[in-house]
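Here is the structure we will look at.
Bear in mind that the values here come from a model prediction, so they are computed numbers and not experimental data. Here is the naming used below: chain letters follow the sequence lines, and residue numbers restart at 1 for every chain.
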Protein chains: 2
Amino acid sequence: MAQPSEQAAPAEPSGQAAPVPPWERPRRAAPRRVFTREAIVTAALHIIDTEGVDAMTMRRIAQELGTGPASLYAHVSGREDLIHLVLDRALTEVRCPPPDPQRWQEQIKDVLRLVRRVLVSHGDLARLLPEIGFPTGESVTVTSEAILAILASAGLPKQACAYGVDALSLYVSGIAAEEAVRARSADAGRPAGEALAGRADRYIAALPPDRFPMLTGMAAELTRDVGDERFEFGLDLLLTGLAALAPVRA
Amino acid sequence: MAQPSEQAAPAEPSGQAAPVPPWERPRRAAPRRVFTREAIVTAALHIIDTEGVDAMTMRRIAQELGTGPASLYAHVSGREDLIHLVLDRALTEVRCPPPDPQRWQEQIKDVLRLVRRVLVSHGDLARLLPEIGFPTGESVTVTSEAILAILASAGLPKQACAYGVDALSLYVSGIAAEEAVRARSADAGRPAGEALAGRADRYIAALPPDRFPMLTGMAAELTRDVGDERFEFGLDLLLTGLAALAPVRA
DNA sequence: TCTAGGTGGCGAACGCCGTTCGTGTCAAGA
DNA sequence: TCTTGACACGAACGGCGTTCGCCACCTAGA
């Protein structure tokens with residue numbers, strides 16, 4: 001890989017080249033590379049997509065870019081900064097509609113469905129959410145703004161809008177992270193049934209039915225994993241609650 | 001601290017004792033300590049209470065117990081196991097009532113309020129929740145069983161009970177973790193206003209009002225932090241949604 | 001009482017992590 | 001051409017969870 005430069009390895013008259021003495025070794029034989037923050041985020045997201053969140057270390061990203069981890073710090077202030085950027089990059093795929101008071105509930109659901117879909121499409125990306133407290137990327141901000149606008153168009157009081165957007169995002173983040181754990185387990189090549197649902201299955205099956213009749217009696221329902229059903233159920237709960245706070249429309 | 005044992009340091013005739021040669025140094029001068037899993041969990045919880053979750057490392061726990069981190073592994077299989085135990089220890093404080101169909105909503109709320117209170121009482125304990133996928137401690141299991149029993153007593157279908165307990169626990173976990181981040185920031189001795197709410201304040205204040213009129217117009221509501229208000233709001237949403245699924249009672 | 005096996009305590013070290021420091025390179029501007 | 005600031009990058013720091021190998025201790029059985 002490393003090719004000695006000419007000044008560091010003067011031409012030998014003939015025969016085998018003598019090894020370059022240590023004090024004459026070039027620090028860097030290959031031209032230094034040039035990076036951008038975008039390239040770093042792209043590499044990080046690619047690693048998450050192909051290897052999962054646990055593989056996304058500064059070293060692994062640097063390796064992907066053909067350099068060392070220190071090079072990343074010229075562009076991101078640290079791991080946390082990088083996570084903000086990665087999440088925000090993913091969420092640029094979320095498009096929000098202008099508010100329509102007649103169908104505000106469906107609009108909220110649509111936005112949150114899209115958020116979840118984006119998170120899920122990147123494997124276990126959602127597992128990064130708890131590592132940052134308060135997402136501050138542009139995409140997240142735009143999405144929050146849109147949700148607030150929709151809630152406000154429904155006539156909800158300001159405080160209800162504010163608390164509502166918080167509850168909604170907590171729920172979506174939570175379920176996305178839950179699903180991310182499940183997705184990771186499945187992708188890691190574990191035996192079929194070793195997914196989180198499989199573990200819950202076995203856990204519940206091992207419970208003493210006399211002591212835990214509800215859990216054991218609802219094992220199938222508790223571990224049911226059919227499409228978006230679980231997500232939609234929770235969304236319905238929240239939206240029903242919010243609708244109860246909105247003015248009645250004729 | 002280390003006191004040479006008598007066999008390793010034979011009595012000198014007089015004067016200053018000669019240093020013990022390396023090959024005669026006792027491996028352990030003090031009697032070996034005896035630990036229990038309970039003591040380890042107690043030490044871990046004490047560290048969380050006094051220094052926060054970030055300080056709870058295997059090394060720090062071992063230090064608290066006067067030993068090295070390797071000693072912990074005879075009693076816990078690893079950090080994840082320890083976290084399960086710590087969370088479960090904390091949640092032993094949760095007491096659940098027998099179901100009363102006439103006041104099932106208040107019962108659910110009471111249980112979840114208690115869960116949250118327990119989590120909050122241990123500083124930023126809730127930040128540990130995302131590190132484990134599916135809590136399997138006894139306390140958690142007992143609590144889930146009780147919530148299911150209450151929901152079932154309200155006449156909710158099995159699937160609604162199952163999805164409902166999931167949504168409720170996701171919400172409580174989410175908001176507890178959110179509050180834990182806030183609590184940690186405040187406890188870390190940062191300047192007043194450096195709490196998460198303070199950061200959100202400044203973040204929202206820095207947004208361009210023409211582009212983000214909803215966020216900037218609701219800054220006060222979004223950052224409002226008054227007792228249990230925010231938590232109760234989300235709980236009300238979920239319970240309203242669940243009540244809509246329950247049979248109507250005379 | 002003695003012996004053997006199992007359990008557990010513990011030091012040293014491993015491999016990995018995020019990050020910093022110091023040095024060298026490069027490009028733009030004077 | 002020279003200077004300066006930004007950036008690339010190797011080496012190393014300090015920290016983490018964990019394992020390995022050794023030794024001590026305890027208990028059960030002969």
Side-chain angles (χ1 to χ4, degrees), chain A residues 1-2 5 7-8 22-40 43-44 47-48 51-86 127-128 131-132, chain B residues 1-8 20 22-40 43-44 47-48 51-86 127-128 131-132:
Chain A
M1 188 189 84
S5 61
Q7 70 241 29
W23 56 86
E24 288 191 10
R25 255 178 219 150
R27 171 163 180 168
R28 187 186 307 125
R32 88 175 190 176
R33 308 154 190 276
V34 178
F35 302 108
T36 62
R37 180 185 282 194
E38 282 67 46
I40 293 169
I47 290 165
I48 293 169
E51 299 167 47
V53 154
D54 291 336
M56 193 207 74
T57 63
M58 306 307 271
R59 284 172 168 77
R60 178 70 191 85
I61 296 165
Q63 183 188 50
E64 188 80 7
L65 295 169
T67 184
S71 308
L72 307 184
Y73 291 89
H75 300 272
V76 299
S77 64
R79 178 180 167 86
E80 185 169 327
D81 184 21
L82 177 65
I83 290 172
H84 276 277
L85 292 167
V86 168
R127 285 177 58 211
L128 289 179
E131 282 194 50
I132 56 176
Chain B
M1 188 187 84
Q3 197 85 335
S5 61
E6 289 195 6
Q7 72 243 28
V20 180
W23 56 87
E24 288 188 10
R25 253 175 222 155
R27 171 163 180 169
R28 187 184 308 124
R32 84 173 189 177
R33 306 154 191 277
V34 179
F35 303 109
T36 61
R37 179 185 283 196
E38 283 67 44
I40 294 168
I47 290 163
I48 292 169
E51 299 167 47
V53 155
D54 290 337
M56 193 206 74
T57 64
M58 306 308 270
R59 282 170 169 78
R60 179 70 192 84
I61 295 165
Q63 184 190 49
E64 189 79 10
L65 296 168
T67 184
S71 306
L72 308 184
Y73 291 89
H75 300 271
V76 298
S77 64
R79 177 178 168 86
E80 186 169 328
D81 185 20
L82 176 64
I83 290 170
H84 275 276
L85 292 167
V86 168
R127 286 177 58 210
L128 289 180
E131 283 194 49
I132 56 175

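Computed from coordinates, the I61(B) CD1 to dG9(C) C1' distance equals 17 Å when rounded to whole Å. The distance from atom CG of L72(B) to atom P of dG9(C) is 10 Å, rounded to the nearest whole Å. Per the geometry, CG belonging to D81(A) stands 12 Å off P belonging to dT20(C), to the nearest Å. Distance, M56(A) CE to dC17(C) P: 11 Å, rounded to whole Å. Between the CD atom of E131(B) and the P atom of dC16(D) there is a distance of 13 Å, given to the nearest Å. Between the CD1 atom of I47(A) and the P atom of dC17(C) there is a distance of 11 Å, given to the nearest Å. Note: CD (E38(B)) to P (dG8(C)) measures 13 Å, nearest angstrom. One interatomic measurement links the two molecules: CD of Q63(A) to C1' of dC16(C), which rounds to 13 Å at whole-angstrom precision.
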Distances for protein N/O vs nucleotides 4-7 of chain D N/O pairs under 3.5 angstrom?
| from | atom 1 | to | atom 2 | distance (Å) |
| --- | --- | --- | --- | --- |
| dC7(D) | O2 | R32(A) | NH1 | 2.7 |

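Looking at R59(B), its side chain comes within 3.5 Å of the base of dG17(D) through a donor and an acceptor atom.
Checking dC16(D), dC20(D), dG18(C) against every side-chain atom of R79(A), the shortest atom distance belongs to dG18(C).
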What side-chain donor-acceptor pairs closer than 3.5 Å can you find for residues 65-78 of chain B, not counting sequence neighbours?
| from | atom 1 | to | atom 2 | distance (Å) |
| --- | --- | --- | --- | --- |
| T67(B) | OG1 | S71(B) | OG | 2.8 |
| S71(B) | OG | G68(B) | O | 3.4 |
| S77(B) | OG | D81(B) | OD2 | 3.4 |

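Between the CG atom of L128(A) and the CD atom of E80(A) there is a distance of 11.5 Å, given to the nearest 0.5 Å.
When each of L85(A), L82(A), V86(A) is checked for a side-chain contact (heavy atoms from CB on, under 4.5 Å) with I40(A), only L82(A) meets the rule.
By the salt bridge (charged side-chain N to carboxylate O under 4.0 Å, His left out) test, E131(A) pairs with R79(A), sequence neighbours left out. Residues passing the side chain to side chain contact (heavy atoms under 4.5 Å, CB included) test with A55(B), sequence neighbours excluded: I47(B), E51(B). Residues that satisfy the side-chain hydrogen bond (donor to acceptor under 3.5 Å, both in side chains) test with E38(A), not counting sequence neighbours, are absent from this structure.
Each salt bridge (charged side-chain N to carboxylate O under 4.0 Å, His left out) pair with one or both residues in residues 64-73 of chain A, not counting sequence neighbours, appears once here: R60(A)-E64(A).
Here T67(B) does not reach the OP1 or OP2 of dG9(C): none of its side-chain N or O atoms lies under 4.0 Å away.
Residues T36(B) and P69(B) each lie close to DNA chain C; by heavy-atom proximity, the contact nearer the 5' end of the strand is made by T36(B).
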